[in-house]
Participant: 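If you scroll down you'll find the structure; I have some questions about it.
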There are 2 protein chains.
Amino acid sequence: MDKAGFIAAADLQCQQQGVKLTALRRQVLELVLAHEGVVKAYQVLADLQRERGIAAPPTVYRALDFLVEAGLLHKVDALNGYIVCRHVGCCHEGLILVCSACGDVSEVDASPALDVLREQALLQGFAIRQQNLLLTGLCQACRV
Amino acid sequence: MDKAGFIAAADLQCQQQGVKLTALRRQVLELVLAHEGVVKAYQVLADLQRERGIAAPPTVYRALDFLVEAGLLHKVDALNGYIVCRHVGCCHEGLILVCSACGDVSEVDASPALDVLREQALLQGFAIRQQNLLLTGLCQACRV
DNA sequence: TCTTAAATGTTACTATATAACAACACCGTT
DNA sequence: AACGGTGTTGTTATATAGTAACATTTAAGA
């Protein structure tokens, strides 16, 4: 999906959720989209400062939190970063694969796997909620 | 397993791996063991400072890294913390369940699930390495 | 003993994230 | 239009997390 298409889909999704994709949030989303792979909050902050003069950390973190909450971004804890959700409108459980060599990130549907894990967790009394899985390894290009 | 037993097992495991569980590393491990659930690096640092007067962040981080590397602790990225590996000597792929309500953490063997995920990842060309999975949800006590 | 590698100490710094409150904008009601 | 509530954004300050670089010490073998 191209950038404009993604923004349009994001807009739609927010409407459906009854939340507002404000100008600021859209701008932050665009800044994230402008990068390949994982983006860090302070990178977004720097980009934002370039575009609007000044901006403080809370501005960026709020927008990023919102976008994660809305299902448009995924937070990648292990990397202190964010990636664009490539499955807007469909699944919201991603299996996020991070290449430890080149940093490349790809995302596939994790729902089947999480169904299995959900059962296993229930044996312990744990009711796991919807979420993403992050796995690290080597991508095809780095495995040669 | 009680604390002393765990330390003994840790000692053995380090010997088998040909690495050294030095006094400092053992002390840090004991400090982590003294807590329930997730422990933060700076909490360990504070504890260490109480016991030996002074200590700086690198001292703690090095010890924690070592203990993770040796399979005695797991790093919990999503929480910026560490937990004791409750499966020393057996599996080294844990499924870590974190209760978002009470913070309780439990760990079970994740190997079967990871075998499935490994296959799914391979379809994308990703060779995922040995690792832990973290899932959040509600524990039995908090589900009522 | 000497030498070398590993471990630890030390200083300084960079990076990540949040609290707390102020100001503003939007929206429905009177 | 004026009001009041809610959600959003701005602002300042600070808390928390992690690492780089180099000095010093310790441990283990030649």
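Order of the sequence lines fixes the chain letters, A, B, ..., with proteins taken first and strands second; residue numbering starts at 1 for each chain. Treat the numbers as computed from the prediction; the structure is a model and nothing was measured.
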Participant: How long is the gap from CG on A:Asp104 to CG on A:Leu97, to the nearest 0.5 Å?
Facilitator: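 CG of A:Leu97 is found 9.5 Å from CG of A:Asp104.
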Participant: Indicate the atoms forming the closest heavy-atom contact of B:Tyr82 with B:Ala41, along with that distance.
Facilitator: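 Shortest heavy-atom separation between B:Tyr82 and B:Ala41 comes out as CE1-CB, 4.3 Å.
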Participant: Could you run through nucleotides 20-29 of chain D and give me one letter per nucleotide, 5' to 3': B if any protein heavy atom sits under 4.0 Å from the base, S if only the sugar-phosphate is that close, - if neither?
Facilitator: BB--------
Participant: Can you tell me the distance, in whole Å, between the CG atom of A:Leu64 and the P atom of D:dT8?
Facilitator: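 Taking atom P of D:dT8 as the reference, CG of A:Leu64 is at 15 Å.
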Participant: Which heavy atom of A:Val84 sits nearest to which heavy atom of A:Phe6, and what is that distance?
Facilitator: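 Result for this residue pair: CG1-CZ, 3.3 Å.
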Participant: With a 4.5 Å cut-off on side-chain heavy atoms, are B:Arg86 and B:Val105 touching?
Facilitator: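 B:Val105 vs B:Arg86: side chains apart.
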Participant: Can you name the closest pair of heavy atoms from B:Leu135 and A:Gln131 and give their distance?
Facilitator: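 Distance-wise, the nearest heavy atoms are CA-OE1, 3.1 Å.
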Participant: A:Asp115: what forms a salt bridge (Lys or Arg N to Asp or Glu O under 4.0 Å) with it, not counting sequence neighbours?
Facilitator: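 A:Asp115 satisfies salt bridge (Lys or Arg N to Asp or Glu O under 4.0 Å) with A:Arg118 only.
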Participant: Could you tell me the separation between the CG atom of B:Asn80 and the P atom of D:dT19, rounded to a whole number of Å?
Facilitator: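 Result: 11 Å.
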Participant: At their closest point, which heavy atom of B:Gly94 faces which heavy atom of B:Ala110, and how far apart are they?
Facilitator: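 Taking B:Gly94 first and B:Ala110 second, the nearest heavy atoms are C-CB, 3.3 Å.
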Participant: Can you tell me how far CG of A:Asp47 sits from CD of A:Gln43, rounded to the nearest 0.5 angstrom?
Facilitator: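 One finds 4.5 Å between CD of A:Gln43 and CG of A:Asp47.
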Participant: Rounded to whole angstrom units, what separation is found between the CG atom of A:Asp65 and the P atom of D:dT8?
Facilitator: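 Taking CG of A:Asp65 and P of D:dT8, I get 13 Å after rounding.
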Participant: Could I get the full list of side chain to side chain contact (heavy atoms under 4.5 Å, CB included) partners for A:Ala9, not counting sequence neighbours?
Facilitator: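 By the side chain to side chain contact (heavy atoms under 4.5 Å, CB included) rule, A:Ala9 matches A:Met1, A:Val88.
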Participant: Tell me: CG of B:Leu45 to C1' of D:dT16, nearest whole Å?
Facilitator: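 Distance check: B:Leu45 CG to D:dT16 C1' gives 12 Å.
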Participant: Hey, what bend do you get for the helix from C:dT1-D:dA30 to C:dT30-D:dA1 if you fit axes on five pairs at each end, rounded to 10°?
Facilitator: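 Roughly 20°, once rounded to the nearest ten degrees.
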Participant: Minimum heavy-atom separation for A:Ser111 to A:Asp109, with atom names?
Facilitator: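 Reported closest heavy-atom pair: OG-OD1, 2.8 Å.
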Participant: Can you tell me the distance, in whole Å, between the CG atom of B:Leu79 and the P atom of D:dT16?
Facilitator: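 Rounded to whole Å, this separation is 16 Å.
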Participant: Applying salt bridge (charged side-chain N to carboxylate O under 4.0 Å, His left out) as the test, list every pair that has at least one member in residues 133-144 of chain A; sequence neighbours left out.
Facilitator: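 Found none.
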Participant: According to the salt bridge (charged side-chain N to carboxylate O under 4.0 Å, His left out) rule, which pairs have a member within residues 14-43 of chain B, sequence neighbours left out?
Facilitator: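 Sorted result for residues 14-43 of chain B: B:Asp11-B:Arg26.
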Participant: What pair of heavy atoms forms the shortest contact from B:Ala113 to A:Leu117, and how long is it?
Facilitator: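 The pair with the smallest heavy-atom distance is CB-CD2, 3.1 Å.
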Participant: Going 5' to 3' along DNA chain C, between which two nucleotides do contacts with chain B fall, using a heavy-atom cut-off of 4.0 Å?
Facilitator: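 Nucleotide range in contact with chain B: C:dA7 to C:dT11.
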Participant: Can you list every pair that meets salt bridge (charged side-chain N to carboxylate O under 4.0 Å, His left out) and has a residue in residues 124-137 of chain A, with sequence neighbours left out?
Facilitator: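 Of all non-adjacent pairs touching residues 124-137 of chain A, none passes salt bridge (charged side-chain N to carboxylate O under 4.0 Å, His left out).
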Participant: Let me have the donor-acceptor pairs involving side chains of residues 55-81 of chain A, under 3.5 Å, with sequence neighbours excluded, atom names and distances please.
Facilitator:
residue, atom, partner, partner atom, Å
A:His74, ND1, A:Asn132, ND2, 3.0
A:His74, NE2, A:Glu107, OE2, 2.7

Participant: With sequence neighbours excluded, what pairs up with A:Gln130 under the side chain to side chain donor-acceptor pair (under 3.5 Å) test?
Facilitator: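 Counting only residues at least two positions away or on another chain, A:Gln130 forms no side chain to side chain donor-acceptor pair (under 3.5 Å).
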Participant: Does anything in residues 47-57 of chain A come within less than 4.0 Å of DNA chain D? Heavy atoms only, and list the residues if so.
Facilitator: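 Heavy-atom cutoff 4.0 Å gives A:Arg52, A:Ile54, A:Ala56.
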Participant: Output the residues of residues 22-43 of chain B in contact with DNA chain D, where contact means a heavy atom of the residue under 4.0 Å from an atom of the strand; sort by number or write none.
Facilitator: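 Within residues 22-43 of chain B, the residues near DNA chain D are B:Lys40, B:Tyr42.
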Participant: Quick one: A:Tyr61 OH to D:dA15 P, roughly how many Å, whole number?
Facilitator: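 After rounding, the reported distance stands at 17 Å.
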